[in-house]
Amino acid sequence: MKNLTIVSFLLVLLCSGSNVFSQSPRQIIDSLKSRVEEKLPPDQLANMYGELGWQYAAINLDSAIFFGKMAVEKAEEAGEPKILAQAYSDLGSGILQKGNLDESKVLYLRSLQIREQIQDSLGMAKSYNALGFIHQRKYETDSAIGYFLKALPIFQKEKAELNAAAVLNNLGVIYQNLPDYQKAKQAYEEAIAIRERLEDFRSVIGSYNNLGTVYKYLGDFDQAETYFRKAIAKSVELEDPMNQAISYRIYAMFLLEKGDLDNLEDIARKGLVVARQVNTQYEVAALETALGSALNAKGKFREAKPLLIAAAKNFQEQGSEEDVLFPYFELISVYASLGQADSSRFYSNLYQQTLRTKVEKESKEIVAELETKYQTELKDLQIAEQQLQIKNQNLMIFGSLGLALILAVVGYLLYSQQKLKNRQLQQEGELKAALAQLETQNKLQEQRMLISRDLHDNIGAQLTFIISAIENLKYFEPIKEQLTSRYDSIANFTKQTITELRDTIWAMNSGQVTWDSLILRIQDYLQKARESKSSIQFDCLIEENIDRESKMNSSDSIQILRIVQEAVQNAVKYSDASRVEIKFHATKKDFVGVIHDNGKGFDQGTILLGNGLYNMQKRAEELGGKVEIKSGLGQGTSVKLSWPSK
């Protein structure tokens with residue numbers, strides 16, 4: 001079962017800015033509902049609807065999202081940027097708790113963009129923390145740490161202790177996943193101390209659960225159980241059903257690991273009542289699995305069966321291939337104990353098929369990656385051979401320069417040819433090794449998962465900490481003036497390395513990539529471009545004739561992303577533009593992407609295009625398409641990429 005120890009409800013507290021802890025959510029909701037019935041200005045209504053959405057997040061997520069959308073509508077009507085940024089943030093928190101990470105990320109990026117424009121530093125820090133939380137849920141540790149380390153110093157400078165406590169809590173989860181349990185324990189205890197001192201009892205519930213989980217991993221089950229029970233007791237006292245459902249689920253999974261079946265049955269039944277009331281589907285499915293497992297172990301097979309079937313269906317609808325394996329496994333023994341061999345065999349086959357499908361999907365991604373690598377290397381070899389032939393012809397023309405020059409050129413050619421042969425032999429060896437690896441897909445899968453995890457949790461995290469350390473060193477005297485430019489160069493190189501590392505891992509893990517996922521990746525890159533060049537407005541649009549849910553190969557997606565990045569980078573460096581716009585649309589046969597800037601342009605007849613265009617053309621050929629560039633003095637520049645829609 002997924003170890004999601006962070007309580008997503010806590011994020012909403014951070015983003016809302018509310019300091020009301022003495023009243024229950026229901027009391028605040030009743031008061032706000034009576035106020036919104038009055039004829040109030042749009043800005044006041046936007047704030048009230050946002051507060052309603054935040055309070056409903058503890059009771060019913062559908063209502064939270066409804067009022068979040070109302071807040072956005074009224075904020076747009078009011079035309080106040082700060083209120084609109086907060087409305088996007090409030091709506092994003094409700095959608096995040098519902099489980100849609102990508103949609104909530106888009107909303108938080110919109111909120112961050114507005115806050116950056118109006119220089120709202122505290123609001124920016126809240127957006128950074130929210131985006132760090134999302135990347136943490138997606139197991140993108142390097143990005144999560146980067147956002148958290150941006151947020152924490154702002155909160156500390158502004159003396160926003162509750163916000164700083166939220167960041168400490170999130171950093172604790174990262175330490176826990178590394179795993180570094182002692183640092184995680186220290187971070188959780190600091191967060192708890194701040195929240196208890198300031199009486200932020202709703203947020204402290206999540207920290208209790210997190211600290212209990214760390215004690216579980218440290219083998220101190222008594223301390224772990226103490227904190228799990230404190231979390232449940234506090235959520236009941238505060239009449240907070242969302243935190244109750246999450247706390248019951250975490251405690252139930254602990255009791256299942258511990259083997260305490262009697263307490264597990266009682267806790268799981270209580271938790272199910274609350275989770276169904278709030279309509280948080282992951283908690284419902286997890287508690288159904290825990291209760292069904294307990295009943296199965298106690299021989300209550302007929303009671304266990306409907307719970308496990310419902311849990312499996314729920315996990316399937318959520319698209320959780322990993323979690324659905326647990327109820328499948330329990331149903332095998334349930335039906336066997338009931339003497340229904342056919343049903344037992346059915347779930348046994350379903351369990352194996354689901355597991356096999358998961359492994360095969362990941363193996364196909366590896367095969368596609370290896371094939372793409374081989375084809376790229378093969379084309380590089382052909383280009384090198386053509387270049388060698390041209391060099392030989394040129395050398396014959398200049399043969400009259402003398403014997404000494406001829407001997408030198410011949411020596412160079414012999415060296416180049418030998419090097420080319422060695423490279424070809426090496427590539428043939430790599431291809432044979434790759435084909436041999438395909439015969440052992442399961443072992444290759446294990447290695448790939450380990451490498452991916454190391455890249456995310458170790459290399460990415462370490463590079464991010466390097467950036468933070470380098471940027472802090474710039475402020476030490478007396479070496480500040482001499483080393484600042486050098487530190488900036490190293491930090492920028494490391495940041496670029498992290499970006500390319502994350503893009504590579506994204507493509508490696510995706511297999512089949514949707515248009516929505518690709519556009520979100522491009523928007524991430526544009527956000528970094530905005531930070532480096534705030535004078536330029538960046539937009540990315542996709543027309544309705546492209547199905548945003550349609551999929552493409554991961555190898556195609558990385559080529560498209562790299563071409564867009566190259567074109568945007570050129571515009572930022574050379575165009576002096578105030579606006580860069582990216583548009584994608586579809587024709588009958590092709591997909592088309594246009595990257596246009598309104599900069600100074602250039603005379604195509606006098607400018608010699610270099611490696612950037614060559615790289616883009618080469619990537620376009622990998623897609624079976626082409627790149628065209630149109631520009632003129634004072635007319636801006638357009639880079640048009642077209643490739644078959646297949």
Side-chain angles (χ1 to χ4, degrees), residues 2-6 8 11 96 101-102 104-106 108-109 112 124-125 127-154 166-181 183-184 187 365 369 447-473 487-510 513 517-518 520-532 554 557-558 561-562 565:
K2 291 178 180 175
N3 182 27
L4 299 179
T5 54
I6 281 192
S8 60
L11 179 64
L96 174 58
L101 300 181
D102 289 338
S104 64
K105 181 178 178 181
V106 170
Y108 280 120
L109 284 172
L112 175 60
M124 288 161 57
S127 296
Y128 291 147
N129 188 47
L131 288 165
F133 178 87
I134 292 172
H135 282 286
Q136 185 174 308
R137 283 279 299 273
K138 292 165 76 71
Y139 302 101
E140 296 174 354
T141 306
D142 59 323
S143 297
I145 291 175
Y147 277 118
F148 290 148
L149 293 180
K150 282 185 176 182
L152 186 57
I154 298 176
V167 178
L168 286 169
N169 190 78
N170 292 341
L171 285 171
V173 175
I174 291 179
Y175 286 132
Q176 178 180 314
N177 291 336
L178 282 177
D180 189 337
Y181 298 130
K183 285 187 177 180
E365 294 172 5
E369 180 188 352
Q447 294 171 2
R448 173 179 170 273
M449 294 301 291
L450 286 173
I451 291 170
S452 180
R453 180 178 175 184
D454 286 343
L455 288 173
H456 273 101
D457 296 341
N458 295 334
I459 298 175
Q462 291 168 7
L463 287 172
T464 304
F465 280 120
I466 288 172
I467 294 172
S468 179
I470 288 173
E471 290 181 346
N472 288 333
L473 282 174
Y487 284 146
D488 288 340
S489 175
I490 296 172
N492 291 335
F493 175 77
T494 309
K495 290 176 182 177
Q496 182 180 357
T497 302
I498 289 176
T499 300
E500 293 177 357
L501 173 66
R502 183 169 64 249
D503 290 340
T504 302
I505 293 172
W506 166 73
M508 182 176 71
N509 286 337
S510 298
V513 176
S517 178
L518 174 60
L520 190 61
R521 206 72 190 178
I522 293 173
Q523 289 175 337
D524 278 344
Y525 178 77
L526 294 181
Q527 177 60 29
K528 292 180 177 61
R530 292 187 189 98
E531 294 174 1
S532 66
S554 61
S557 68
I558 196 66
L561 176 61
R562 292 296 187 223
Q565 289 175 338

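Heavy-atom basis, side chains included; hydrogens, waters and symmetry copies ignored.
Applying the salt bridge (Lys or Arg N to Asp or Glu O under 4.0 Å) rule to D102 yields the partners K138; only residues at least two apart in sequence or on another chain are considered. Annotation: side chain to side chain contact (heavy atoms under 4.5 Å, CB included) contacts of A144 (sequence neighbours excluded): H135, Q136, F148, I174. By the side chain to side chain contact (heavy atoms under 4.5 Å, CB included) test, L112 pairs with E116, M124, S127, Y128, L131, Q527, sequence neighbours left out.
Going from atom CD1 of I558 over to atom CG of L518 covers 9.0 Å, rounded to the nearest 0.5 Å. Atom CG of L171 sits about 11.0 Å away from atom NZ of K183, to the nearest 0.5 Å. Atom OH in Y525 sits 16.0 Å away from atom CG in L520 (nearest 0.5 Å). We find the OH-OG1 distance between Y175 and T141 to be 12.5 Å, quoted to the nearest 0.5 Å. Rounding to the nearest 0.5 Å places OH of Y108 at 8.5 Å from CZ of F133. Distance check, rounded to the nearest 0.5 Å: NZ of K105 to CG of L96 gives 12.5 Å.
Nearest heavy atom pair, residue V513 against residue S554, reads CG2-CA, 4.0 Å. Nearest heavy-atom pair across A184 and G172 is CB-O, 3.3 Å.
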